[in-house]
Amino acid sequence: MNESSIIASYNGKSLPLTEVFAPVLDRAFMFSDAVYEVLRVYKGKPFLLSAHTTRLQASLRSMRIAANQDFGDAILNNIAENQVKEGMVYLQISRGVAPRNHSFFAMELKPSILIYTKPFLEHPAAKEQQTGIKGITHEDYRWGRCDIKTTNLLANCLIQTHANEMGAQEAILIRNGVVSEGTSSNVFIVKNGIFITPPKSTFILAGTRRQFLIDGLLAAGHSVIERQVEKTELFNADEIFISSTVKEVTSVVQLDQKPVGKGIVGPFAKLAQALLDDAILAMK
Ligand SMILES: Cc1ncc(COP(=O)(O)O)c(C=O)c1O
């Protein structure tokens with residue numbers, strides 16, 4: 001896939017992604033002063049669009065970025081412009097361009113808006129979903145507002161890279177002995193048939209798939225508990241899986257080089273993935 005064939009929308013103008021150049025004084029460049037969303041496109045349509053736009057509005061409010069727009073139409077337009085059937089939308093809104101200064105006090109800035117849709121030639125998680133992935137645990141040293149989906153992901157990038165160096169694909173983050181989330185995913189454990197996931201807080205991003213799965217599992221009559229998960233529980237779990245827009249439901253079959261449960265993709269992860277598959281199949 002050549003990125004130059006992707007049509008981006010940058011501040012309302014359509015142009016090839018590789019020809020979008022942002023000013024260095026954009027606060028996204030100087031301070032990672034921006035929020036973002038990643039949406040999955042199936043059958044030419046965004047999945048869980050309103051969950052994503054609702055979370056985007058919450059991120060914008062928390063960051064005090066004034067972008068008075070819903071973005072739903074802009075997302076749909078960009079998908080159509082790129083004629084993508086299977087892929088992902090990336091949307092980023094920065095506070096705007098201003099002389100470099102930490103404070104944005106009394107600045108009336110115009111947010112910079114980037115949207116692009118990238119086609120997937122194959123399902124990005126298919127292989128990992130089949131085999132499961134290896135995980136490591138890692139101290140969660142991120143800041144205290146992980147509920148805001150900002151582009152300031154340096155800790156996530158460093159920790160994910162460390163996981164890769166250790167031969168793993170994801171790190172499960174631990175703050176004060178309890179599980180927060182993955183570097184780019186939410187975490188579920190399964191014990192005795194009960195799905196357990198950390199509750200929403202400022203230490204995790206409220207994942208769209210996390211909520212979809214909680215609602216869907218409960219509606220299907222399964223037990224789901226949102227509560228603190230101790231690090232030690234990870235090593236006694238029957239199953240661990242991560243959830244995210246791109247990874248959907250992916251089992252962690254090995255953690256810190258020890259097998260999780262039977263060390264294979266388990267029935268409860270498959271059941272959770274089936275809920276997603278059914279919803280995607282039902283998309284019109
Ligand atoms: C830190 C973090 N937590 C959780 C998630 C999962 O969110 P979603 O299910 O909306 O993709 C992501 C997604 O990228 C993430 O970056």
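All ligand and atom numbering here is 1-based and tracks the order in the structure. We use all heavy atoms of the structure for the numbers below, so side chains are in, but hydrogens, waters and symmetry mates are not. Nothing fancy with the numbering, it's 1 onward along the sequence.
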Student: List in chain and number order the residues that pass side-chain contact (heavy atoms from CB on, under 4.5 Å) with Val253, two or more places apart in sequence or in another chain; answer none if no residue qualifies.
Tutor: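 So Val253 forms a side-chain contact (heavy atoms from CB on, under 4.5 Å) with Ser251, Val265.
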Student: Quick one: name the residues clustered hydrophobically with Ile204, using the 4.5 Å side-chain heavy-atom rule over I, L, V, M, F, W, Y, and just say none if it's on its own.
Tutor: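 Answer for Ile204: none, a lone residue.
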Student: Could you check whether Phe241 and Phe188 have their ring centres less than 6.0 Å apart?
Tutor: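 Ring-ring flag for Phe188/Phe241: true, centres closer than 6.0 Å.
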Student: Test Ile75 against every option in Leu91, Asp70, Leu56 by the side-chain contact (heavy atoms from CB on, under 4.5 Å) rule and name the one that passes.
Tutor: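 Between Ile75 and the candidates, side-chain contact (heavy atoms from CB on, under 4.5 Å) is satisfied uniquely by Leu91.
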Student: Answer yes when Glu233 and Arg227 have at least one side-chain N-carboxylate O distance shorter than 4.0 Å, and no when they do not.
Tutor: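 Looking at Glu233 and Arg227, the cut-off is met.
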Student: Kindly give the cluster partners of Leu255, where membership spreads through any ILVMFWY side chain lying under 4.5 Å from a current member.
Tutor: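 The other cluster members (ILVMFWY side chains, heavy atoms under 4.5 Å, direct or chained) are Ile133, Ile172, Ile174, Val179, Val187, Ile189, Ile194, Ile196, Ile225, Val229, Leu234, Phe235, Ile240, Ile242, Val252, Val260.
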Student: Does ligand 1 have any N/O atom under 3.5 Å from a protein N/O, and what are those pairs and their distances?
Tutor:
| residue | atom | partner | partner atom | Å |
| --- | --- | --- | --- | --- |
| ligand 1 | 3 (N) | Glu181 | OE1 | 2.7 |
| ligand 1 | 9 (O) | Thr208 | N | 3.2 |
| ligand 1 | 9 (O) | Thr208 | OG1 | 3.4 |
| ligand 1 | 9 (O) | Arg209 | N | 3.1 |
| ligand 1 | 10 (O) | Arg55 | NH1 | 2.8 |
| ligand 1 | 10 (O) | Arg55 | NH2 | 3.0 |
| ligand 1 | 10 (O) | Thr208 | N | 2.8 |
| ligand 1 | 10 (O) | Thr208 | OG1 | 2.7 |
| ligand 1 | 11 (O) | Thr245 | N | 2.8 |
| ligand 1 | 11 (O) | Thr245 | OG1 | 2.6 |
| ligand 1 | 14 (O) | Lys149 | NZ | 3.3 |

